[in-house]
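What follows is a short report on a single structure.
FYI, side chains are in, hydrogens and waters are out, and symmetry mates aren't considered; it's all heavy atoms of this structure. In what follows, every chain begins at residue 1, and chains take the letters A, B, ... in the order their sequences are listed.
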Amino acid sequence: MDPLLSVENLHARFGSRAAVRGVSFSVRAGEKVALVGESGSGKTVTAQALMRLNPDVTLSGTVRFNGEELLSVPERRLRQLRGREMAMIFQEPMSALNPVYTIGNQIIETLSQHFGLAPRAARQRAIELLARTGIPDPEIKVDAYPFQLSGGQRQRAMIAMALACQPKLLIADEPTTALDVTVQAQILALLDELQRDLGMAVLFITHDLNLVRRFADRVAVMKDGEVVETGTVAEVFDHPEHPYTRELLASRPDTLDDAPGQAEPRLQAESIRVAFSRRRGWFGKTVTPVLHGISLSVPAGRTLGIVGESGSGKTTLGLALTRLIEAEGQVTLDTTRLDTLSGQALRASRRDYQVVFQDPFASLSPRLTVGQIVGEGVALHFPELDEAARRQRVLDTLTEVGLAADSVDRYPHEFSGGQRQRIAIARALVLRPKLILLDEPTSALDATLQKQVLQLLRRLQHKYGLSYLFISHDLAVIRAVAHEVLVLKDGKVVEAGPTRRVFEAPGQPYTRDLLAAALLGA
Amino acid sequence: MSLTPGQRAWRRFKANRRGYVSLWLFSILFVLTLGAELLSNDRPLVVRYQGEFYYPVLFDYNETVFGGDFDTPADYLDPYIRDRLSANGNFAVFAPNPYSYNTLNYFAKAPNPAAPSAANLLGTDDRGRDVLARLIYGFRLSVLFALALTAVGTLAGVLLGGLQGYFGGRLDLMLQRVIEIWGSLPELYLLIILSSFFNPSLTLLLVLLALFGWMGLADYVRAEFLKNRQMDYVLAARSLGLANRQIMWRHVLPNSLTPVLAFLPFRVSGAILALTSLDFLGLGVPASTPSLGEMLAQGKDNLDAWWIALSTFTVLTVTLLLLIFIGEGLRAALDTRKG
C-alpha cells in the first residue's frame with residue numbers, strides 16, 4: 001500500500017539560510033509518526049512545508065499526499081486540502097485561536113468553508129465536536145471566547161476545529177508543550193483515542209522523547225535540518241544507531257545519588273503569605289491570596305526542590321523568599337532575619353542570596369556586555385576591589401561556569417540559550433552567595449543543554465557548599481537535583497520530604513497523579 | 001570583534017542609502033549655515049587699507065577709518081567706500097553673498113521686491129533685503145531652534161515618562177491626569193494670548209512650545225518603561241541589590257530609548273514647522289529676525305514676486321524631506337528584526 005504522505009528529499013530555505021536539507025519520511029494511513037528534534041532542528045519548518053503554510057520559505061523536493069504532488073499544486077487546490085484533508089494543531093492554543101471570535105464561530109467557519117453547512121446544522125456539529133473532545137458543557141462552551149477557557153480546554157477546542165472535517169492526516173506541532181503535565185497526559189490520551197476511532201494518521205512533532213515513546217508507532221529523529229534516524233519506536237529507543245539519537249536518549253537527567261545525610265538549615269521560612277490586591281471601583285479592593293502560609297527550610301549545601309503546576313504559586317514563593325515582592329511571614333538566612341530589612345540594609349544583604357531566572361533571553365540586559373552584566377554586582381558589593389581585580393574575578397567566574405574568557409566583551413545576543421543561562425549563573429555565582437534561587441533554570445533549554453546545566457549546578461554546589469532553592473514543573477529535573485522536595489498546589493504545600501521518599505512512596509493523591517502523568521517510570 | 005547594539009544599528013542605518021545620504025546632506029547644510037556670517041555678510045571678511053589689515057566681520061569700524069566723512073559705522077555697499085577700498089593697493093575680501101539678513105541696500109538699482117539678478121541671486125523681498133541671505137540665516141535659526149526645542153522636550157518627556165512608567169501606581173495616576181488636563185489646553189489660543197502680553201521672542205516661544213511638546217513623548221517612554229520594568233533583567237538587577245536610580249539609568253533607560261530615537265528627526269521637523277507656522281501667522285519672532293515663516297507670509301503678500309515664495313518653499317520642503325528620510329532610515333536601523 002502506498003503511504004498516505006510521503007516526503008522525499010525536502011529542502012526548505014529562508015532566503016540563503018537552509019532550514020531543512022533533504023528530509024525524507026512517510027506516514028501511512030492511520031499511523032502515528034513522531035518527528036522529534038531539538039529547537040532549530042527544522043521540525044516545525046518541515047511540518048509547515050507539508051501544507052505550504054509559510055510563504056517566506058522556498059521549498060524544493062517532493063511532498064506526495066494521497067498521490068497528489070503538493071509542492072506544485074495551485075494555491076486554490078491547496079486551500080481545499082488544508083483543513084479538509086490535512087489539519088494542524090499548534091503549540092500555543094491561546095495564540096492559535098482568534099481572540100475576538102467564540103470557539104463555536106471558529107469551528108463553524110471551517111465547517112461552512114468546506115461543507116457549506118447551514119448555520120444551524122453547523123452549530124449542532126460544532127457542539128458534537130466539542131463534546132467529542134471532552135469539553136464539559138459543550139452547549140455553553142460553544143459560545144465561549146478563547147480567554148474564557150483553560151489551557152487544556154483551549155487545546156481541546158483546537159483539536160475539535162482540526163477534526164471538524166475528519167481529515168486523513170492530523171499534524172500536531174508540540175500540542176502539549178504549553179500545558180501542565182497532568183493536562184498534557186489527558187490531551188495525549190484524547191489524541192490517541194481519536195486517532196484510533198477515526199482512523200486518521202497523526203504526524204506528531206515534539207522535542208519530548210517521553211511523549212514519543214508513549215504515543216507514536218514510528219519516529220524520525222531530526223538534527224540541523226536532516227533526518228538522522230528513522231524506525232519504529234521500539235527500534236530507535238532500544239537500539240539507537242546514530243550517535244545523536246544516543247546522545248538525545250542519554251540526555252534524560254540522572255537521578256541524584258547524594259547520600260541523604262543531615263545538614264544545618266540555611267534558609268528558614270515561617271508561614272509565608274502573599275496576596276495580590278486589585279483596586280475595584282473607587283474605594284473597593286479585591287484581595288486574591290496566592291500563598292496560604294508556607295513554611296520551609298533549605299539545608300546548607302543542599303537543594304530544596306519546589307514542584308507545582310502553573311498557577312500553584314511556586315514562582316511567587318521564590319520571589320517572596322528573596323524579598324522581590326511584598327510578603328508576610330518570617331524569612332531567616334543563617335542568623336539574619338531578611339523580612340525585617342529594608343532600604344540600604346536589604347540591598348546589601350542581597351549579596352548572600354541570588355536568583356537565576358527561567359528565560360535566559362529576557363534575564364540579560366541586551367545592551368550590556370557579559371563583563372558588565374557579571375561585574376555589576378561585584379562593583380556594588382565589593383567596592384574594595386579595583387578595576388583589574390574585579391575583571392579578574394569576572395573572568396574566573398566565567399571560566400568556572402564553562403565560558404571562554406573572550407566572552408567578557410561580547411553581548412548576550414551572540415550566545416546560545418545554554419550559554420546565556422551560564423552567564424546568568426555566573427552573575428549569581430560571582431558574589432559568592434550562600435543561596436541561589438533557581439526559577440525553572442532549564443525549562444527554556446533543549447534536553448542535551450538541560451543536562452549540562454544541571455551537571456554544572458551540581459558541581460558548583462559541591463565546590464562552594466551552595467544551597468539551592470530549585471523551582472520546576474519538571475519532575476525529572478527535580479529528581480536530578482533536589483535532596484528535598486516540596487509539592488505545591490494552589491498556594492498550599494501538598495507534600496514535603498526527602499525527594500527519594502516522595503518519588504517512591506507519594507503520600508498524597510495529587511502527588512501520585514503528578515508522578516503518573518510525568519511517566520517517570522517509563 | 002563584537003559590535004555593540006549601537007554599532008549594529010549604525011551599520012543598518014548606513015545600509016539605508018536614502019537616510020544615510022540625507023543625513024550627510026543635512027549635516028553639511030547645517031555646518032555650512034553655522035558659519036553663515038562667513039557666507040553671507042554685508043561686511044567684508046578682510047580689508048587691507050593703506051597697508052593695514054582690518055577685520056570688519058569681527059569688529060566695527062567707522063567710515064572715517066576708510067576715508068569717509070561720517071563718524072558712523074561704515075556701509076560697505078556704499079559705492080564711495082567700495083572705491084576707497086579698491087583704490088591703489090587696498091583690497092577687500094567680501095563674503096560670497098555680500099548681504100546679511102537685515103541688510104538694506106540703499107544703492108540698489110531695481111525697485112523692491114527685485115527679481116533675481118547678478119547682484120541678488122534670489123532677488124530681494126519687499127523691504128529690499130536679500131532673499132538668499134535671509135534663507136541662509138533663517139535655515140540656521142530654524143534648525144537651531146528645532147534642536148533646542150527637541151532637546152528640552154525630549155529630556156522632559158523621558159524624565160517624566162520614565163518616572164511614571166517605572167514607579168507606576170499613584171505617581172503614574174497623578175501625572176497621567178496632569179498630562180490629560182495640560183494636553184487639553186488650547187495651545188494656539190494660549191500662544192496668541194501670551195504673545196499679546198509679552199514681547200514675542202525666541203526664548204518665549206521655546207519655553208511655550210516646550211511646555212506642550214513633552215507630552216507625546218512621555219506617553220511612549222512611559223509605555224516602554226512599564227514594559228521593561230517587568231523584564232527579568234530588571235528583576236535580576238534588583239536581586240543584585242541595585243538601587244532604583246541605578247536600575248533605571250543602567251538597565252531600563254537604554255532599552256527604552258528606541259521610540260525616543262526613532263521620533264527625534266520627526267520631532268525636529270515638527271519643531272521647524274511649528275516655528276514656521278507661528279511666524280507665518282505673525283505670532284512668532286519679531287520681523288527683523290530671519291525666519292522662514294515670515295518669508296512665506298511675504299511671498300503670500302507679494303504673489304507677483306514669485307522668487308520669494310518659491311525659494312522659501314523649496315528650502316522648507318527640502319529641509320523637512322531630509323529630516324523625514326533620516327527618520328525613516330533611523331526607524332529601519334532600530335528595527336532589530338533585521339540583521
Side-chain angles (χ1 to χ4, degrees), chain A residues 15 279 315 318-319 322-325 341 343-381 406-415 423-424 427-428 430-431 433 436-437 439 444, chain B residues 1-12 15 162 166-174 176-177 224-261 333-339:
Chain A
R279 209 165 267 283
T315 294
L319 296 178
T322 48
R323 291 288 316 267
L324 290 170
I325 55 170
L341 295 177
Q344 180 57 40
L346 175 65
R347 291 205 296 272
S349 77
R350 291 196 179 280
R351 206 202 110 173
D352 291 334
Y353 47 98
Q354 280 299 303
V355 186
V356 173
F357 295 94
Q358 169 172 5
D359 183 356
F361 291 86
S363 68
L364 304 176
S365 193
R367 282 169 201 277
L368 298 179
T369 63
V370 171
Q372 286 169 328
I373 289 170
V374 178
E376 187 167 30
V378 185
L380 190 71
H381 292 289
D406 67 352
S407 324
V408 71
D409 292 319
R410 290 162 64 191
Y411 285 84
H413 68 88
E414 298 169 66
F415 295 90
I423 298 169
R427 169 172 60 189
V430 77
L431 300 182
I436 300 183
L437 166 67
D439 187 355
Chain B
M1 184 51 210
S2 316
L3 294 173
T4 67
Q7 283 168 327
R8 280 184 300 139
W10 175 241
R11 183 173 282 192
R12 283 195 297 269
Y166 186 80
F167 290 106
R170 219 173 278 273
L171 178 80
D172 183 29
L173 206 69
M174 269 163 43
Q176 208 54 8
R177 295 297 89 77
E224 283 290 308
F225 266 67
L226 272 178
K227 185 186 86 189
N228 284 327
R229 72 167 181 160
Q230 314 267 4
M231 297 294 285
D232 278 354
Y233 57 78
V234 172
L235 211 54
R238 270 180 65 202
S239 78
L240 276 180
L242 293 178
N244 283 329
R245 190 167 32 86
Q246 294 163 305
I247 296 175
M248 286 174 81
W249 179 250
R250 283 176 59 88
H251 293 270
V252 187
L253 184 66
N255 291 303
S256 303
L257 282 181
T258 307
V260 178
L261 289 176
L334 295 172
D335 183 356
T336 43
R337 283 170 298 179
K338 295 184 198 136

*Drop me the distance from A:Ser365's OG to B:Asn228's CG, to the nearest 0.5 angstrom.*
8.5 Å

*In Å and rounded to the nearest 0.5 Å, what is the CZ to CD distance from A:Arg347 to B:Gln246?*
7.0 Å

*For residues A:Gln354 and B:Ser239, report the shortest heavy-atom separation together with the two atoms involved.*
NE2-O, 3.0 Å

*Hey, mind stepping through B:Arg8 and A:His413 against side chain to side chain contact (heavy atoms under 4.5 Å, CB included) and telling me if it holds?*
CA-CA 12 Å; B:Arg8 280 184 300 139; A:His413 68 88; 3.2 Å; yes

*Could you state the interatomic distance from CG (B:Leu242) to CD (A:Glu376), rounded to the nearest 0.5 Å?*
4.5 Å

*asked:* Does B:Arg245 have more than 12 heavy atoms from other residues, nucleotides or ligands lying within 6.0 Å of its CZ?
replied: no

*Residue part contacting chain B, namely of A:Leu319, when any heavy atom lies under 4.5 Å*: side chain

_Per-residue contact mode, B:Ala237 against chain A (heavy atom under 4.5 angstrom)_ = neither

*Below 4.5 Å from any heavy atom of chain B, which atoms of A:Phe361 appear? Answer side chain, backbone, both or neither.*
neither

*Of all of A:Thr369, A:Leu380, A:Val356, A:Leu346, which one pairs up most often with chain B through heavy atoms under 4.5 Å apart?*
A:Leu380

*Give, for atom CD1 of A:Ile373 and atom CG of B:Leu240, the distance between the pair rounded to the nearest 0.5 Å.*
10.5 Å

*Please flag which part of A:Leu368 lies under 4.5 Å from any non-hydrogen atom of chain B: side chain, backbone, both or neither.*
side chain

*What pair of heavy atoms forms the shortest contact from A:Pro366 to B:Asn255, and how long is it?*
CG-OD1, 3.2 Å

*Look up atom CG in A:Asp359 and atom CE in B:Met231, then write down how far apart they are to the nearest 0.5 Å.*
7.5 Å

*Closest approach of A:Ser363 and B:Ala236, non-hydrogen atoms and distance?*
O-CB, 4.2 Å

*Inter-residue atom distance B:Leu235.CG - A:Leu324.CG, 0.5 Å rounding*: 5.0 Å

